[in-house]
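Positions are given from 1 along the sequence.
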Amino acid sequence: MSESYLQIAENYLVLFILPFGIGVILRTLLRKRKKGFIITIVLGVISAIMYFMVYTDSAATVFGITYRESFAFWSMDVLMVFVGSLITEIALAIIKRKKKNKSVSA
């Protein structure tokens, strides 16, 4: 029974937590760049493309997994990287705005 709980934890780790962390790290590393926000835009576009690829009619299977299912897993991973990058982008914008307002009012 504990093996099934470990499998569920591993699934959450691989599908949600690690990709989210990768998105946060990517955007944080590029925060000093002038065009760092482009990574968030590119991830959003790739995520949208992969989302539509999930709904194509593909019945071929590789190792018992149909292409549609594998695209769904990859699409979820890319979506979570995008969400992590987007949330970090918003947080960085809020921090930058607060610093700017603090220096203007002082």
- Not counting sequence neighbours, list each pair that qualifies as a salt bridge (Lys or Arg N to Asp or Glu O under 4.0 Å) and has a residue in residues 74-85. none

- Nearest 0.5 Å please: distance from the CG atom of L26 over to the CG atom of L43. 7.0 Å

Tell me which donor-acceptor pairs under 3.5 Å the side chains of residues 13-25 have, and how far apart each pair is, sequence neighbours excluded?
none

- Pairwise salt bridge (Lys or Arg N to Asp or Glu O under 4.0 Å) hits with a residue in residues 78-89, at least two apart: R27-E89

- Task: Would you kindly say whether T40 and S85 are connected by a side-chain donor-acceptor distance under 3.5 Å?
- Result: yes

- Can you establish whether the number of heavy atoms outside M50 located under 6.0 Å from its atom CE is more than 12? yes

- Query: Atom CG of L86 and atom CD1 of I39: how far apart are they, to the nearest 0.5 Å?
  - Reply: 13.0 Å

- Task: Among residues two or more places apart or on two chains, list those pairs meeting side chain to side chain donor-acceptor pair (under 3.5 Å) that have a residue in residues 41-53.
- Result: none

- Distance in Å, K99 NZ paired with I95 CD1, rounded so as to fall on 0.5 Å steps: 7.0 Å

- Message: List the residues meeting side chain to side chain contact (heavy atoms under 4.5 Å, CB included) with I94, not counting sequence neighbours, and say none if there are none.
- Response: I90, K98

- Query: Would a hydrophobic clustering, with Ile, Leu, Val, Met, Phe, Trp and Tyr connected at side-chain separations under 4.5 Å, put I87 with L29?
  - Reply: no

- May I have all residue pairs that pass salt bridge (Lys or Arg N to Asp or Glu O under 4.0 Å) and include part of residues 29-46, sequence neighbours excluded? none

- Query: Are the side chains of K96 and L92 in touch, meaning some heavy atoms are under 4.5 Å apart?
  - Reply: no

